[in-house]
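Just below is one structure, and these are the notes that go with it.
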Amino acid sequence: MAKEITSRSENYSDWYIDIVKRANLADNSAVRGCMVIKPYGFAIWENIRDQLDKMFKETGHVNAYFPLFIPKSFLSKEAQHVAGFAKECAVVTHHRLMNDPDGGGIIVDPDSKLEEELIVRPTSETIIWDTYRTWINSYRDLPLLINQWANVVRWEMRTRLFLRTTEFLWQEGHTAHATKEEAVEETLKILDIYATFAEEYMAMPVIRGIKTANERFAGAEETYCIEALMQDGKALQAGTSHFLGQNFAKAFDVKFLNENNQQEYVWATSWGVSTRLMGGLIMTHSDDDGLVVPPKLAPTQVVIVPIPKPSPVIDEVVHKIMAALKAKGIRVKYDMDMKNRPGFKFAEHEMHGIPVRLAIGERDLANGQVEVARRDTKEKTQQALEGIEQYIEDLLVEIQANLFNRAKAMRDQYITKVDNFKDFEEIINRDIPGFISAHWDGTTETEEKIKELTKATIRCIPLDAEAEDGSCVLTGKPSQRRVLFAKAY
RNA sequence: CGGGAUGUGGCGCAGCCCGGUAGCGCACACGCCUGGGGGGCGUGGGGCCGCAGGUUCAAAUCCUGUCAUCCCGACCA
């Protein structure tokens, strides 16, 4: 049926790439590892961005913008931070080009070498904390709750559209607080926003948890995360919120005067989600017919297809329906294209994941009906034209809920409790491995050993993990709670 | 950086072994017939065969070099 799209069972990776390209989300670019986000993909990203932005602002955050370039010396001020990012930085060394005197075209002018090289930001903690030093003097300046929407560059070895690109778009929040308690509270508040957004808007169920020391952000005291499960049984880290302690305050000498006139270092957090969410969105809901977008994030929620093509009598009814839907705040589009036939249009709209499609022909009009097709179940029904806007409003709510419930049922089905290493290996090597809930002795050595043996990593220690005495699935040493393992993107 | 593969109209590919007018499908443009799940017929436009050398009367094809991309590993949001 669907042309040029690999089925999930045939090859999940190819399926993913086919969806991204055929649904016009993104393309590879002339620059290795960098993608072009196409208008339709960007429209979805804008909806993600706008909703998150609203949630940040509702919780007291404001937006600002910091430079793309970071002086090399800044990056090295926090030891762990530089260790974590040094291997994947793009560096600006010159600022001018010239004609090659030997006729070889344009070359870098060797005389334009920079005194100090500039790093293209892989993340902005350093430049931001260097700036905060001058902004923060007193406890009255705190808390400082700033977010920025930006692009960052991480020179990864292997890239995949949306999931891992050399340049990606994200938001990064950087907050400063007077006390540790307040900073930890902020970290958790953001984690809650991320989880709420993922579940209520993306319809993507997530597990809230804490990263192990091994997986922690470079320079953080504690990293909290939301982890989602994709349809192929691999985990996707969908967002992280870091409690940075006083590490960056100390590295950049950011102190404030407390109420008792004493100097103290500031407490910090940072947190981010990226265009990777687009990958999560695709791999949570889409099927072999194309993309599936939850109604709340769909650029177009309802598309109307005239059968077989626009005509004055059909147009008139369509415009009435559109007005009624728009009055309810529903994003609706009339497909007036004259070139393609209905069957082609149906397939195209399904490929783009539009939640609801209406088909209207003169036959329907004679019956006072319209055909309603929902993208999530592919169900088609005839509905009365009268009051159709209410039916559709309710249907969009139902689709949103159905997508979440379906994804959650799948996710829950693929969380397996495991108590010995033989079972662990068997589960992790299934076609759809999913999460493994198992005991772990708490050491990095064991974590690394398990990764080496199975390619599974500890995705997180769930925040809601109950205390339970057990023994480590690999070493048999005592453990107080289960952690979640999975193969990850 | 190790292993494998590929570069030919916008996209997907054949042609290469065995040198001799650059082809097919899709897409695109126009016309007619169609029209409730990716229509049919016809006509037409579009190419330094990745790049640079070499062999040859003659190179997409053979030789040398080079660049790029993709896949599999190690690194990661």
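We name chains A, B, ... by the order of the sequence lines, and we start the count at 1 in each one.
If you take CD1 of A:Ile17 and P of B:G12, they are 13 Å apart, rounded to a whole angstrom. One atom, NZ of A:Lys339, and another, C1' of B:C30, lie 13 Å apart when rounded to the nearest Å. Here the C1' atom of nucleotide B:G37 and the CZ atom of A:Phe344 are 12 Å apart, to the nearest Å. Computed from coordinates, the A:Phe346 CZ to B:G39 C1' distance equals 14 Å when rounded to whole Å. Straight-line distance from the OH atom of A:Tyr489 to the P atom of B:C75: 18 Å, rounded to whole Å. The CZ-P distance, from A:Phe85 to B:C75, rounds to 16 Å in whole Å. Between the CZ atom of A:Arg216 and the C1' atom of B:A77 there is a distance of 17 Å, rounded to whole Å.
Among the atoms of the strands shown, base atoms are found under 4.0 Å from some heavy atom of A:Ser274. Across all strands shown, A:Thr159 has no heavy atoms under 4.0 Å from either base or sugar-phosphate atoms. At the heavy-atom level, A:Phe217 lies nowhere under 4.0 Å from the strands shown. Across all strands, A:Leu163 comes closer than 4.0 Å to base atoms (heavy-atom distances). Contacts of A:Asp364 with the nucleic acid, taken as non-hydrogen atoms under 4.0 Å apart, include base atoms.
Taking atom P on both nucleotides, B:A58 is separated from B:C48 by 23 Å, rounded to a whole Å. Here the separation of B:G19 from B:C30, taken at their C1' atoms, is 40 Å to the nearest Å. Only the P atoms considered, B:G10 is 16 Å distant from B:A29, to the nearest whole Å. Comparing the P positions of B:G31 and B:C11 gives an interatomic distance of 27 Å, to the nearest angstrom.
For the pair A:Asp289 and A:Arg22, the salt-bridge criterion is not met [side-chain N within less than 4.0 Å of a carboxylate O]. Ion pairing between a basic and an acidic side chain is recognised when a charged N comes within 4.0 Å of a carboxylate O; A:Arg374 and A:Glu398 show such pairing.
With B:G36, B:A74, B:A77 as the candidates, the nucleotide lying closest to the side chain of A:Lys455 is B:A74. Looking at the side chain of A:Arg158, the nearest of the listed nucleotides B:C72, B:C28, B:G37 is B:C72. For A:Pro308, the side-chain atoms get nearest to B:G35 when compared with the rest of B:G35, B:G36, B:G38. Picking from B:A77, B:G36, B:C75 the nucleotide with the shortest atom distance to the side chain of A:Lys87 gives B:C75. When the nucleotides B:U34, B:G37, B:A77 are ranked by their closest atom to the side chain of A:Glu156, B:A77 comes out on top.
Residue A:Arg154 places none of its side-chain N or O atoms closer than 4.0 Å to OP1 or OP2 of B:A77. Dashed line: the shortest gap from a side-chain N or O of A:Lys345 to OP1 or OP2 of B:G36 is not under 4.0 Å.
For A:Glu350 against B:G37, a side-chain-to-base donor-acceptor contact under 3.5 Å is present. With hydrogens and angles left out, the side chain of A:Arg357 and the base of B:G37 share a donor-acceptor pair within 3.5 Å. Looking at A:Lys380, its side chain comes within 3.5 Å of the base of B:G37 through a donor and an acceptor atom.
Enclosure of atom NZ in A:Lys38 by more than 12 non-hydrogen atoms of other residues, nucleotides or ligands within 6.0 angstrom is indicated. Within 6.0 Å of atom NZ in A:Lys77, more than 12 heavy atoms from other residues, nucleotides or ligands are found, so the atom counts as buried in its surroundings. Residue-environment remark: CG (A:Asp431) stays at or below the threshold of 12 foreign heavy atoms within 6.0 Å.
A:Ile360 has its side chain within reach of A:Ile304: a pair of non-hydrogen atoms, C-beta onward, lies under 4.5 Å apart.
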Seminar exercise, completed: Given Watson-Crick and G-U pairs under 3.5 Å, RNA chain B in dot-bracket ([ ] crossing, | other strand) is ((((((((.[[[[.)....(..]]]].((((((.....)))))).....[[[[[..)....]]]]])))))))....
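Looking only at atom types and distance, the side chain of A:Glu222 has no donor-acceptor partner in the side chain of A:Thr187 under 3.5 Å away.
Remark: A:Arg208 is not positioned above the aromatic ring of A:Tyr224, lacking an NZ or CZ atom under 6.0 angstrom from the ring centre and at most 45 degrees off the axis.
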